[in-house]
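FYI, the numbering just counts along the sequence from 1.
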Amino acid sequence: MAAEQAARADGFLAVSDEIIDGCYLVMMVCPRGSVLVITKFDAQSDDAALVVAQGMRNEHAVELWQGVRFIERFDPVAP
């Protein structure tokens, strides 16, 4: 299993507290607060990662994380 993400028996993901420089996570979140999709990507800076995350939002909100460090939440795009 990957060091930064391991599936648990209850179906949730265990994410380590290790922060890897340049590695970010975007979590697409449904209105009830459940995570629908997690996308991992590399970026040179928080600013670059923010641009990527903002571009990924649609009818669902997205949250940008680096390891366990929360960076930003973007609300859904209005229809």
Side-chain angles (χ1 to χ4, degrees):
M1 287 186 230
E4 61 276 328
Q5 189 173 326
R8 297 185 338 194
D10 58 10
F12 289 93
L13 296 176
V15 179
S16 76
D17 59 0
E18 178 183 349
I19 294 176
I20 302 169
D21 288 339
C23 182
Y24 294 87
L25 298 174
V26 168
M27 297 184 188
M28 188 174 293
V29 182
C30 78
R32 296 179 313 169
S34 299
V35 175
L36 300 171
V37 177
I38 299 174
T39 303
K40 182 177 169 182
F41 67 97
D42 292 327
Q44 294 295 320
S45 66
D46 285 357
D47 289 337
L50 285 163
V51 170
V52 172
Q54 190 169 19
M56 294 178 71
R57 68 189 177 130
N58 52 27
E59 70 271 11
H60 300 290
V62 296
E63 295 183 356
L64 176 63
W65 294 77
Q66 184 183 38
V68 296
R69 181 173 69 98
F70 173 76
I71 298 173
E72 186 72 53
R73 178 185 171 95
F74 294 101
D75 290 332
V77 176

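The minimum heavy-atom distance linking Asp75 with Arg57 is given by the pair O-NH1, 2.9 Å. Looking at every heavy atom in both residues, Cys23 comes nearest to Asp42 through CA-OD1, 3.7 Å. Counting all heavy atoms, side chain and backbone alike, Phe74 lies closest to Glu72 at CZ-CG, 3.6 Å. Residues Val62 and Ala53 approach most closely at CG2-O, 3.4 Å, considering heavy atoms.
Atom CG of Leu64 sits about 8.0 Å away from atom CZ of Arg69, to the nearest 0.5 Å. Going from atom CD1 of Ile71 over to atom CG of Asp47 covers 10.0 Å, rounded to the nearest 0.5 Å. Separation of atoms NE2 (His60) and CG (Leu36) is listed at 5.0 Å; rounding is to 0.5 Å.
With a 4.5 Å cut-off on side-chain heavy atoms, Met28 and Asn58 count as touching.
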Item to check | Residues Val29, Arg73; criterion side-chain contact (heavy atoms from CB on, under 4.5 Å); working and verdict | outcome: CA-CA 10 Å; Val29 182; Arg73 178 185 171 95; 4.1 Å; yes
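Remark: side-chain polar atoms of Tyr24 are paired, donor with acceptor, to backbone N or O of Asp46 under 3.5 angstrom.
Tracing side-chain contacts under 4.5 Å through hydrophobic residues (I, L, V, M, F, W, Y), one never reaches Met56 starting from Val51; they form parts of separate clusters.
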